[in-house]
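Take a look at the structure below.
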2 protein chains.
Amino acid sequence: MTRRLAEVAKKVGVSEATVSRVLNGKPGVSEATREAVLTALDVLGYERPTQLRGDRARLVGLVLPELQNPIFPAFAEVVGGALAQQGFTSLLCTRTVGGVSEADYVDLLLQQQVSGVVFAGGFYAQADAPHQHYELIQERKLPTVLVNAAVDHLGFPQVSSDDYVAAEMAIGHLRALGHRRIGMVLGPRDHIPSRRKLEAFLAAEEADPGLVEHTMFSLEGGHAAATKLVNSGVTGIVCASDILALGAIRAVRRAGLSVPDEVSVIGYDDSAMMNCTDPPLTTVRQPIDAMGRAAVDMLVALIERAAVPADELLFEPELVVRASTARARI
Amino acid sequence: MTRRLAEVAKKVGVSEATVSRVLNGKPGVSEATREAVLTALDVLGYERPTQLRGDRARLVGLVLPELQNPIFPAFAEVVGGALAQQGFTSLLCTRTVGGVSEADYVDLLLQQQVSGVVFAGGFYAQADAPHQHYELIQERKLPTVLVNAAVDHLGFPQVSSDDYVAAEMAIGHLRALGHRRIGMVLGPRDHIPSRRKLEAFLAAEEADPGLVEHTMFSLEGGHAAATKLVNSGVTGIVCASDILALGAIRAVRRAGLSVPDEVSVIGYDDSAMMNCTDPPLTTVRQPIDAMGRAAVDMLVALIERAAVPADELLFEPELVVRASTARARI
DNA sequence: CCTATTCACGCAAGAATTTGCAAGCACTTG
DNA sequence: CAAGTGCTTGCAAATTCTTGCGTGAATAGG
């Protein structure tokens with residue numbers, strides 16, 4: 001009875017062909033006409049054929065702070081793969097130098113009618129601006145999962161690796177090897193995972209708050225921070241990422257010392273290729289596979305309006321001992 | 001009634017030609033007339049009939065084959081940054097296991113009305129399916145730039161690093177070090193950059209076609225391929241990516257030999273952290289920074305309807321000598 | 001006052017885009 | 001399996017925009 005397409009065509013005063021072209025985003029339709037058809041479509045409450053427009057919503061945004069640290073691309077692959085299996089397509093959004101801010105991406109994603117968003121890594125709790133767009137998300141009830149990126153008071157489900165335990169493991173390993181003067185290289189002061197690691201550090205025996213350095217997450221940052229620590233006479237350095245650790249190793253060597261004979265270095269993440277470095281890096285592995293899948297499971301549950309616990313899902317990290325740590329010389 | 005241009009012309013009391021000239025900033029219109037037309041344009045809310053995809057979202061799709069090889073995230077950062085500077089937002093699309101195909105992404109991007117697309121790496125010329133969606137893009141006249149990914153006959157501008165020269169450099173370096181029995185580890189047979197490297201290999205003196213291995217782009221692939229080559233008694237291995245090279249190094253060691261003392265290994269890309277590996281990897285660097293920016297420049301030019309040479313822009317790679325290559329023992 | 005030069009502008013040819021027709025395709029129904 | 005319904009698509013006509021060229025007006029110079 002309902003010549004659906006024909007009906008719309010008549011209402012707008014164009015041919016079915018044109019409506020069809022608009023529906024499929026085909027070229028050869030003027031903007032004015034396209035607009036008119038789209039409006040009529042909405043007015044008549046046209047149900048778009050399954051595959052198209054209505055379904056465009058099976059998109060999920062994945063927001064990452066950077067791609068330099070290989071842990072983020074790796075995480076993106078895990079999440080992308082898991083989403084693909086559930087029939088979602090992921091859109092990767094990365095902050096770029098002088099480029100798009102997180103807030104811009106949120107706008108974009110909202111505009112693209114995504115079904116949900118996964119935020120991973122690097123939230124800076126202190127900054128004021130960020131809060132605004134989370135509230136926007138909350139307002140729209142857009143399913144959202146946070147990974148390693150706590151934002152309290154907003155009730156988003158969170159998936160994190162247990163930074164406190166991770167730091168404990170690293171410090172414990174060094175202490176077991178006889179190290180007593182242990183330093184720590186962390187990310188920026190307002191980086192939540194770094195804060196949590198700091199807590200664990202300060203809670204450890206013989207911890208010296210003077211041996212904590214905050215820096216940017218880059219090789220050079222690690223280098224600079226570790227140089228100070230080496231000058232303070234540490235024999236072991238715990239880093240908040242593998243990249244920082246590689247920078248630290250370089251710093252130690254630049255100071256004329258050897259890793260691990262004179263100074264031990266521990267990383268964090270266990271990104272790819274850390275077993276190919278010189279020396280192979282001892283590090284604390286984040287179970288990104290499990291975390292990614294958990295995040296996707298929660299997100300999908302949210303999207304399907306299932307109840308999801310709003311608290312934080314903590315994943316246990318794992319110490320991977322390679323060759324950048326050794327018994328302390330007295 | 002919708003003689004849009006005519007309507008404006010009538011309102012101002014000039015000919016369509018004049019309005020057209022104003023619209024296109026052509027000379028031959030007096031300042032007063034221009035002003036009048038501009039005003040009328042504003043009043044009537046005239047919209048350019050041309051495809052204004054560009055203004056809509058200023059989105060650009062960046063399609064990558066994977067993220068495991070750090071060169072791709074690095075490239076994504078370059079392109080993303082360059083686009084951001086020009087006021088575009090980039091959407092990163094990656095093929096994932098059992099997930100979204102390139103064709104699906106093209107559909108998605110078309111649907112999102114992107115202003116343009118950059119395809120990088122990993123085109124498989126042989127496969128039949130791929131052609132279809134390039135044609136779709138061509139049909140829609142969507143600005144597109146290909147990076148390291150030749151597709152002939154379609155007239156997309158291309159930016160590539162010169163694989164032939166890169167392979168020549170690598171082989172030349174090994175030969176200069178006295179190596180005579182040189183093997184090559186390449187990607188899949190239908191991977192264009194690998195083919196080009198193969199050509200250079202076969203053109204070299206004393207080249208032995210039996211010492212070429214095709215494999216997947218993964219550490220394990222490199223390992224497997226290099227194992228065969230080592231068994232064939234090569235003293236030097238040229239790899240088509242740094243990841244393959246790391247796999248090759250592992251294979252050499254597994255065979256009880258040392259790198260570089262007994263077997264030299266050369267990578268390709270110069271991804272991040274290749275100076276932290278054991279041994280630091282000798283490799284041929286792709287100038288991804290320059291390439292990324294060139295690709296973006298061309299894309300933006302295309303989006304703004306400027307003329308762009310349809311031929312391939314070849315970038316010269318650069319040999320980075322570190323410690324995975326050494327003089328051949330006799 | 002007349003002629004030369006310049007410039008804006010319209011005419012109309014031509015290029016490009018939009019649109020409808022009708023054939024064709026996929027899918028359902030009798 | 002034919003007939004029908006609803007959507008897609010090749011093609012040609014129609015519409016809309018661009019551009020070369022010529023006209024006429026305005027200005028300047030003689």
Side-chain angles (χ1 to χ4, degrees), chain A residues 1-56, chain B residues 1-56 103 106-107 110-111 113 115 131-143 155 302-308:
Chain A
M1 64 123 196
T2 48
R3 298 192 160 231
R4 332 269 272 114
L5 213 159
E7 209 178 336
V8 178
K10 197 167 152 202
K11 167 124 187 164
V12 189
V14 295
S15 71
E16 297 179 33
T18 305
V19 180
S20 166
R21 276 185 271 255
V22 171
L23 237 37
N24 296 299
K26 287 283 169 69
V29 181
S30 74
E31 200 54 38
T33 308
R34 187 182 297 275
E35 201 91 341
V37 172
L38 249 22
T39 309
L41 242 34
D42 282 343
V43 170
L44 292 179
Y46 183 90
E47 266 178 43
R48 291 100 190 260
T50 39
Q51 201 187 33
L52 294 170
R53 309 256 151 176
D55 209 17
R56 85 148 51 145
Chain B
M1 68 169 285
T2 49
R3 296 192 163 231
R4 325 277 273 108
L5 206 157
E7 211 177 331
V8 177
K10 196 168 153 202
K11 167 126 187 166
V12 189
V14 294
S15 72
E16 298 178 29
T18 305
V19 180
S20 169
R21 275 185 271 257
V22 171
L23 236 34
N24 295 298
K26 289 282 168 70
V29 182
S30 71
E31 201 49 47
T33 310
R34 187 180 298 274
E35 199 80 356
V37 172
L38 249 22
T39 309
L41 242 33
D42 212 26
V43 171
L44 292 179
Y46 180 86
E47 270 177 43
R48 246 169 226 258
T50 40
Q51 336 204 23
L52 18 92
R53 260 195 280 262
D55 295 334
R56 199 145 276 264
V106 169
D107 280 352
L110 283 171
Q111 228 170 67
Q113 309 253 40
S115 310
H131 283 307
Q132 197 121 34
H133 58 266
Y134 300 139
E135 278 162 21
L136 189 61
I137 286 175
Q138 209 178 23
E139 212 175 86
R140 305 260 191 121
K141 303 212 170 93
L142 186 63
L302 276 176
I303 290 172
E304 279 157 11
R305 287 164 207 296
V308 163

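Remember, predicted model here, so these are calculated numbers, not experimental data. To find a chain, count down the sequence lines: A is the first, B the second, and so on, and within it residues start at 1.
- Under the side-chain contact (heavy atoms from CB on, under 4.5 Å) criterion, B/Ala40 pairs with B/Val8, B/Lys11, B/Val12, not counting sequence neighbours.
- Note: CG (B/Asn24) to C1' (C/dA15) measures 13 Å, nearest angstrom.
- Look at A/Thr33 and you'll find a side-chain N or O under 4.0 angstrom from OP1 or OP2 of C/dT19.
- Residues forming a side-chain contact (heavy atoms from CB on, under 4.5 Å) with B/Lys10 (at least two apart in sequence, or on another chain): none.
- Contacts of A/Ser20 with the nucleic acid, taken as non-hydrogen atoms under 4.0 Å apart, include base atoms.
- For the atom pair A/Leu23 CG and A/Thr18 OG1, the distance stands at 11.5 Å (nearest 0.5 Å).
- Using a 4.0 Å cut-off, no side-chain N or O of B/Ser30 falls inside it from OP1 or OP2 of C/dC7.
- Screening residues 29-45 of chain B for side-chain hydrogen bond (donor to acceptor under 3.5 Å, both in side chains), with sequence neighbours left out, gives B/Ser30-B/Thr33.
- Protein atom CZ of A/Arg34 is 13 Å distant from nucleotide atom C1' of C/dT17, rounded to whole Å.
- One can place NZ of B/Lys26 at 15 Å from P of C/dA8, the figure rounded to the nearest angstrom.
- Distance, A/Leu23 CG to D/dT9 C1': 15 Å, rounded to whole Å.
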Which atoms of nucleotides 20-26 of chain C (N or O only) lie under 3.5 Å from a protein N or O atom, and what are those distances?
| from | atom 1 | to | atom 2 | distance (Å) |
| --- | --- | --- | --- | --- |
| C/dG20 | OP1 | A/Ser15 | N | 3.4 |
| C/dG20 | OP2 | A/Ser15 | N | 2.7 |
| C/dG20 | OP2 | A/Ser15 | OG | 2.8 |
| C/dG20 | OP2 | A/Thr18 | OG1 | 2.6 |
| C/dG20 | N7 | A/Arg21 | NH2 | 3.0 |
| C/dG20 | O6 | A/Arg21 | NH2 | 3.1 |

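- Note: NZ (A/Lys10) to P (D/dC7) measures 16 Å, nearest angstrom.
- A side-chain contact (heavy atoms from CB on, under 4.5 Å) with B/Val19 holds for exactly one of B/Val14, B/Leu38, B/Asn24; it is B/Val14.
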